[in-house]
Amino acid sequence: MFKGLTPINYHGREVWPLVEGGKGVAATNHASAGAWAAAGGIGTVSAVNADSYDPEGKIVPQVYRELTRRARHEELIQYAIDGAVEQVRRAFEIAGGKGAININVLWEMGGAQRVLNGVLERTKGLVAGVTCGAGMPYKLSEIAASYEVSYLPIVSSGRAFRALWKRAYSKAAQWLAAVVYEDPWLAGGHNGLSNAEDPLKPEDPYPRVKALRETMREGGIPDTTPIVMAGGVWYLRDWSDWIDNAELGAIAFQYGTRPLLTRESPIPEGWKQRLMTIEPGEVLLHRFSPTGFYSSAVRNPFLRSLEARSERQIAFSTQEAGDHVFQLDVGVKGRNFWVTRGDLLRAREWFGAGFTDALKTPDNTLVFVNPQEKAEIRKDQADCMGCLSQCLFSSWADTETNSTGRLADPRSFCIQKTLQEIAHGGDTEANLMFAGHAAYNFKRDPFYSNGFVPTVKQLVDRILTGD
């Protein structure tokens, strides 16, 4: 047992201060979450469009048959509720009364409040708590309290938590079980990097977590309410000065990336094999997500193609002005595209290389793509099923108008499509592959020598030694 690490009281039971990070779509499910809880920790079922099963136990494909976005959005919400309920029930059974089962929800996912209510209504007595981030989930405390489950907001700064506490959480303080600090430079998936922070200049998490604790103390929250460190956590020995530290109060640790490589992990074998090849610096913090948030993923050909697409971009004016005195003569229809001489030459070069179609962005720029890319972009935008509350890529919004009112952005992508594909056997090089920035340790950590893939129990036992 690693020095100083002791169980915490969570939702009326003793558990190890080890939380499995919830990863959607379908990258954490009943098998991984149930096994994590059975090992004495807090297992997390992702409630983001989780899988359902047919009577033979096969995954039910999430096929959208309705013709309008709004109608497909309703299909999506039903898939989400049914899938998460099934995953929770199975996870609870696997846990066998040990540890605890949480669910994870993204606040900016489509129909988040309806999904959360729908799942908690049908899983009473099974779910211990809800982790929730990707936005400012003010309503989280109210919903959790109404079902008498704990809530664990995910934040990246003390400032964000202060806003949540003052507006809503202070009214349901008894159900606040922990606060998850997700480091925006280290964690995989979406994160809360603000406009005031530089994505290229990582900050030490210690003073940020210390500031979060001080904010919590201002609200009268006891030091026994843990802060869960999420992002970059691999070896507990690297965090020894955080444990039993009076400045920080109670600390727990969230593991998102390491549980991907276990026998119970639901991700396909090809994804597991790819994890073992990741090199330092290969995980990219980027802003291509249609959520508008920064996120971290493996810099594979899928991400490289998005980088290249944005590099094939020029500004235009609808009338002759300033340096924009040359009419664009490739990639567009019509004559109302005025560009600089340098951009005209670049556009002609891209056109000659096969990128023959120029697509407008919401920022009065054009990106050049090949005909195959254009067809895929347009189809994916047309097939939108409203998986987010607002989508930059398709301009969907969960409002009366069903639109953000802005031009759909071809520099982004359909996140539901690619996450569903990679989770169910799609090409790992042609899809978004979320990972934390410590993922290179799969290749370096002797625990994984000779391609060893542990069970969740073996992984938790290993973590508890400090390694």
Side-chain angles (χ1 to χ4, degrees), residues 4-19 21-22 41-42 44 100 102 104-105 107 128-145 148-187 191-194 196-197 203-233 236 239-256:
L5 194 72
T6 57
I8 60 172
N9 186 281
Y10 176 69
H11 203 72
R13 65 195 74 184
E14 271 200 351
V15 300
W16 289 116
L18 306 177
V19 181
I42 301 173
T44 307
N102 278 1
N104 179 64
V105 173
W107 197 246
V130 181
T131 56
C132 184
M136 292 293 279
Y138 292 108
K139 291 277 189 179
L140 173 63
S141 56
E142 178 185 328
I143 295 172
E148 298 187 347
V149 301
S150 299
Y151 64 100
L152 302 82
I154 302 172
V155 299
S156 293
S157 68
R159 183 178 63 179
F161 181 76
R162 180 180 287 111
L164 291 166
W165 179 257
K166 287 186 175 180
R167 180 167 170 178
Y169 294 178
S170 59
K171 300 169 188 174
Q174 71 181 97
W175 298 104
L176 177 68
V179 178
V180 181
Y181 168 77
E182 186 177 65
D183 190 90
W185 293 277
L186 296 173
N191 60 59
L193 196 72
S194 73
E197 295 160 334
E203 296 180 16
D204 181 357
Y206 187 95
R208 294 172 67 91
V209 172
K210 181 173 176 284
L212 173 58
R213 175 60 72 188
E214 290 167 355
T215 300
M216 292 168 66
R217 287 169 180 154
E218 290 172 10
I221 302 168
D223 280 9
T224 52
T225 300
I227 293 175
V228 183
M229 175 62 203
V233 180
L236 280 183
W239 305 85
S240 58
D241 58 334
W242 288 49
I243 298 171
D244 199 21
N245 182 323
E247 271 193 328
L248 301 181
I251 291 288
F253 298 93
Q254 179 167 298
Y255 288 83

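Values reported hereafter were calculated over all heavy atoms of this structure, with side chains retained and with hydrogens, waters and symmetry mates removed. Just so you know, residue 1 is the first one in the sequence shown, and it goes up from there.
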Heavy-atom nearest pair, Pro153 first then Leu176, reads CD-CD1, 3.6 Å

Not counting sequence neighbours, which residues clear salt bridge (charged side-chain N to carboxylate O under 4.0 Å, His left out) with Glu142? List them please.
-> Lys139

Given side chains that start at C-beta, do those of Thr44 and Val19 come closer than 4.5 Å, heavy atoms only?
-> yes

Would you please name every residue forming a side chain to side chain contact (heavy atoms under 4.5 Å, CB included) with Pro226, sequence neighbours left out?
-> Ile8, Ala178, Ala250, Ala252

Qualifying residues under salt bridge (charged side-chain N to carboxylate O under 4.0 Å, His left out), relative to Lys166, sequence neighbours excluded = none

More than 12 foreign heavy atoms under 6.0 Å from CG of Asn9: is that the case here?
-> yes

Looking at OG of Ser150 and CD of Gln174, how far apart are the two atoms once the value is rounded to the nearest 0.5 Å?
-> 9.5 Å

Those residues that, when tested against Arg13, pass side chain to side chain contact (heavy atoms under 4.5 Å, CB included) (two or more places apart) = His11, Val15, Ala100

Look at the side chain of Tyr151 and the backbone N and O of Cys132, then say whether any donor-acceptor pair between them is shorter than 3.5 Å.
-> no

Listed by chain and number, what are the ring-ring contact (aromatic ring centres under 6.0 Å, His included) partners of Trp242, not counting sequence neighbours?
-> Tyr206, Trp239

Separation between CG of Leu212 and OG of Ser157, rounded to the nearest 0.5 Å = 8.0 Å

Residues two or more places apart in sequence or in another chain: which of them pass ring-ring contact (aromatic ring centres under 6.0 Å, His included) with Tyr10?
-> none

Taken to the nearest 0.5 Å, the spacing of Asp204 CG from Trp185 CH2 works out to 10.5 Å

Do Val233 and Gln254 come close enough that some side-chain heavy atom pair is under 4.5 Å?
-> no

Shortest non-hydrogen contact from Tyr169 to Ser141?
-> CD2-OG, 3.3 Å

What residues, two or more places apart in sequence or in another chain, satisfy side chain to side chain contact (heavy atoms under 4.5 Å, CB included) together with Ala211?
-> none

Sequence neighbours left out, what pairs pass salt bridge (charged side-chain N to carboxylate O under 4.0 Å, His left out) with at least one residue falling in residues 208-228?
-> Arg162-Glu218, Glu197-Arg208, Glu203-Arg208, Lys210-Glu214, Arg217-Asp223

For Pro222, side chain to side chain contact (heavy atoms under 4.5 Å, CB included) partners two or more places apart = Thr224, Thr225

By side chain to side chain donor-acceptor pair (under 3.5 Å), Thr131 pairs with (sequence neighbours left out) Asn104

Approximate separation, where rounding is to 0.5 Å, of Asp241 CG and Leu248 CG = 8.0 Å

To the nearest 0.5 Å, atom CD1 of Ile227 lies from atom CG of Leu152 at 12.0 Å

Spacing of CG belonging to Leu140 relative to CH2 belonging to Trp175, to within rounding of 0.5 Å = 13.0 Å

Which heavy atom of Leu5 sits nearest a heavy atom of Ile243, and at what distance?
-> N-CG2, 4.1 Å

ring-ring contact (aromatic ring centres under 6.0 Å, His included) partners for Tyr181, two or more places apart | none

What's the shortest heavy-atom distance between Glu182 and Asn191, and which atoms?
-> OE1-CA, 3.7 Å

So do Leu164 and Pro137 actually touch side chain to side chain, heavy atoms under 4.5 Å?
-> yes

